[in-house]
**Q** 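Have a look at this one before I ask anything.
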Amino acid sequence: MGDTNGQAVAGGNGEGNRLDQLYLPTDVLIDKEADSLIICDAANRRVVRWSRRSWTTQGETLINNIDPYGLAMDDQRYLYISGTDKHEVRRYQIGDKNGTLVAGGNGKGDGLTQLNAPTYLFVDQQQTVYVSDKNNHRVMKWNKGAKEGIVVAGGQGQGNALTQLDRPEGLFVDTLGTIYVADSSNHRVMRWPKEAKQGTVIVGGNGKGGEANQFSCPNGLSFDRQGNLYVVDSWNSRVQRFSTE
């Protein structure tokens with residue numbers, strides 16, 4: 001906190017497919033138990049793990065020959081990975097190469113058993129999987145063991161009304177089931193209370209731009225313990241922090 005310069009903790013050796021390189025990484029999480037980072041190394045079609053210990057110079061491949069985009073981990077340390085080529089989400093035990101289908105997997109489409117370019121994920125304590133179903137302009141919820149999903153945000157076509165999303169990406173769900181989503185092509189972050197038919201804009205929504213109250217295709221979000229919201233403001237090449245109180 002307060003640093004003006006960061007330090008590379010994974011990659012940093014140019015784009016490439018060596019174990020000390022990454023190529024278009026899309027998502028990352030911290031595995032506290034193993035004190036490591038797990039990273040979707042998208043253009044290398046693999047998920048890799050990097051120890052957080054200071055002497056680490058390269059990662060190890062956990063899963064390869066997949067098309068990963070989003071990543072989540074549940075309380076039992078199962079990994080959840082969205083695949084944009086098969087339009088599905090799979091759950092993996094660490095060390096498992098094949099995984100179990102938990103959402104989508106029925107081809108590209110907009111049915112309740114289908115996804116179209118799933119991106120970011122959130123998994124709650126009940127192993128409920130929330131998916132930003134990007135090209136269907138909706139967020140889907142798949143209960144554990146369910147054969148089909150439930151539309152919990154958007155799903156009213158592509159648009160900028162409060163009932164709509166436009167290429168949703170970053171996702172967070174609080175303990176009340178309230179959904180926070182980076183509504184990327186609308187350049188805003190929205191909040192959808194549980195079972196609500198429409199959302200509210202909490203930041204952005206002032207058109208595409210580089211001002212402090214604007215975004216340009218935000219695609220990632222996170223909260224800290226104080227409730228501050230962090231947004232990856234992709235095309236502005238910055239991360240913004242907002243107090244949500």
**Q** In this structure, which one of N219, L221, L71, V131 forms a side chain to side chain contact (heavy atoms under 4.5 Å, CB included) with Y120?
**A** N219
**Q** Is it true that a side-chain atom of D124 and a backbone atom of T175 form a donor plus acceptor pair closer than 3.5 Å?
**A** no
**Q** Around atom CD of E195, are there more than 12 heavy atoms from other residues, nucleotides or ligands closer than 6.0 Å?
**A** no
**Q** Could you give me the CA-CA distance, side-chain angles and deciding distance for W192 and V152, then say whether side-chain contact (heavy atoms from CB on, under 4.5 Å) is met?
**A** CA-CA 8 Å; W192 292 66; V152 289; over 6 Å; no
**Q** Answer yes or no: is there a side-chain heavy-atom contact under 4.5 Å between C217 and H187?
**A** yes
**Q** Are the side chain of S184 and the backbone of P218 linked by a donor-acceptor contact shorter than 3.5 Å?
**A** yes
**Q** Looking only at heavy atoms, which two atoms of H87 and P118 are closest? And how far apart?
**A** CA-CD, 3.8 Å
**Q** Does a side-chain heavy-atom distance below 4.5 Å link V189 with V201?
**A** no
**Q** Is the backbone of Q214 close enough, under 3.5 Å, to the side chain of Q240 for a donor and an acceptor to pair up by distance?
**A** yes
**Q** Is the backbone of N17 close enough, under 3.5 Å, to the side chain of R46 for a donor and an acceptor to pair up by distance?
**A** yes
**Q** What verdict does the side-chain contact (heavy atoms from CB on, under 4.5 Å) test give for I179 and K141, after you've listed the backbone C-alpha separation in whole Å, the side-chain angles of each residue and the deciding distance to 0.1 Å?
**A** CA-CA 10 Å; I179 295 161; K141 171 184 173 181; over 6 Å; no
**Q** If you count heavy atoms of other groups shown closer than 6.0 angstrom to NZ of K144, is the number above 12?
**A** no
**Q** Got more than 12 heavy atoms from elsewhere within 6.0 Å of CD, E60?
**A** yes
**Q** Can Q198 and Q156 be counted as having a side-chain donor-acceptor contact under 3.5 angstrom?
**A** no
**Q** Hey, does the side chain of N160 reach the backbone of L165 with a donor-acceptor pair shorter than 3.5 angstrom?
**A** no
**Q** Before accepting this row, confirm whether a basic side-chain N of the pair D85/R45 lies closer than 4.0 Å to the acidic partner's carboxylate O.
**A** yes
**Q** Would the distance check show the side chain of N136 and the main-chain N or O of R138 forming a donor-acceptor pair, the cut-off being under 3.5 Å?
**A** no
**Q** For T178 and P193, indicate whether the former's side chain and the latter's backbone hold a donor-acceptor pair under 3.5 Å.
**A** no
**Q** Provide the closest heavy-atom pair for I39 versus P25 in the form atom of the first, atom of the second, distance.
**A** CG2-CB, 3.9 Å
**Q** Test side-chain hydrogen bond (donor to acceptor under 3.5 Å, both in side chains) on Q158 and D166; report intermediate values, then the result.
**A** CA-CA 5 Å; Q158 181 180 14; D166 190 348; 3.0 Å; yes
**Q** Is the shortest side-chain heavy-atom distance between I81 and Y92 below 4.5 Å?
**A** yes
**Q** What do you reckon, is OH of Y230 surrounded by more than 12 foreign heavy atoms closer than 6.0 Å?
**A** yes
**Q** Honestly, is R191 close enough over Y180, meaning NZ or CZ under 6.0 Å from the six-membered ring centre and within 45° of the axis?
**A** no
**Q** What pair of heavy atoms forms the shortest contact from S36 to S51, and how long is it?
**A** CB-CA, 3.9 Å
**Q** Sub-3.5 Å donor-acceptor pair from the side chain of D133 to the main-chain atoms of M140, do we have one?
**A** no
**Q** How far apart are the closest heavy atoms of R188 and A161, and which atoms are they?
**A** NH2-O, 3.1 Å
**Q** If you define the side chain from C-beta out and look only at heavy atoms, does anything of V123 sit under 4.5 Å from D75?
**A** no
**Q** Going by atom types only, do N13 and Q21 share a side-chain donor-acceptor pair under 3.5 Å?
**A** no
**Q** Find out whether H137 and R167 are in side-chain contact, i.e. whether some heavy atom of one side chain is under 4.5 Å from a heavy atom of the other.
**A** yes
**Q** Does a side-chain heavy-atom distance below 4.5 Å link R52 with I30?
**A** yes
**Q** In plain terms, say whether R90 and E88 are close enough for a salt bridge, that is, a side-chain N and a carboxylate O under 4.0 Å apart.
**A** yes
**Q** Can you see which heavy atom on V151 is nearest to which on G154, and at what distance?
**A** CG1-O, 3.6 Å
**Q** Please report the shortest heavy-atom distance between S243 and N228, naming the atom on each side.
**A** CA-OD1, 3.7 Å
**Q** Taking the side chain from N236 and the backbone from G209, do they hold a donor-acceptor pair closer than 3.5 Å?
**A** yes
**Q** First locate atom CG of L121, then atom CE of M73, and finally report the distance between them rounded to the nearest 0.5 Å.
**A** 13.0 Å
**Q** Just checking Y80 against Y69, ring centres under 6.0 Å apart?
**A** no
**Q** Before you tell me yes or no, could you show the steps for L37 and V9 under side-chain contact (heavy atoms from CB on, under 4.5 Å), namely the whole-Å CA-CA distance, both residues' side-chain angles and the distance that decides it to 0.1 Å?
**A** CA-CA 9 Å; L37 302 169; V9 291; 3.5 Å; yes
**Q** Could you give me the CA-CA distance, side-chain angles and deciding distance for D20 and T57, then say whether side-chain hydrogen bond (donor to acceptor under 3.5 Å, both in side chains) is met?
**A** CA-CA 6 Å; D20 67 343; T57 57; over 6 Å; no
**Q** Once the angle between the rings of F223 and F172 is folded into 0 to 90°, is it parallel (under 30°), tilted (30 to 60°) or perpendicular (over 60°)?
**A** tilted
**Q** Could R77 and D31 be called an ion pair, given the rule that one side-chain N must be under 4.0 Å from one carboxylate O?
**A** yes
**Q** Are any of the side-chain heavy atoms of I38 and L79 separated by less than 4.5 Å?
**A** yes
**Q** Can a donor-acceptor pair be found, under 3.5 Å and without considering hydrogens, that links the side chain of K97 to the backbone of L62?
**A** yes
**Q** Using the side-chain contact (heavy atoms from CB on, under 4.5 Å) rule, take D183 and F215 through it: C-alpha gap first, then chi angles, then the decisive distance, then the call.
**A** CA-CA 10 Å; D183 188 12; F215 296 118; over 6 Å; no
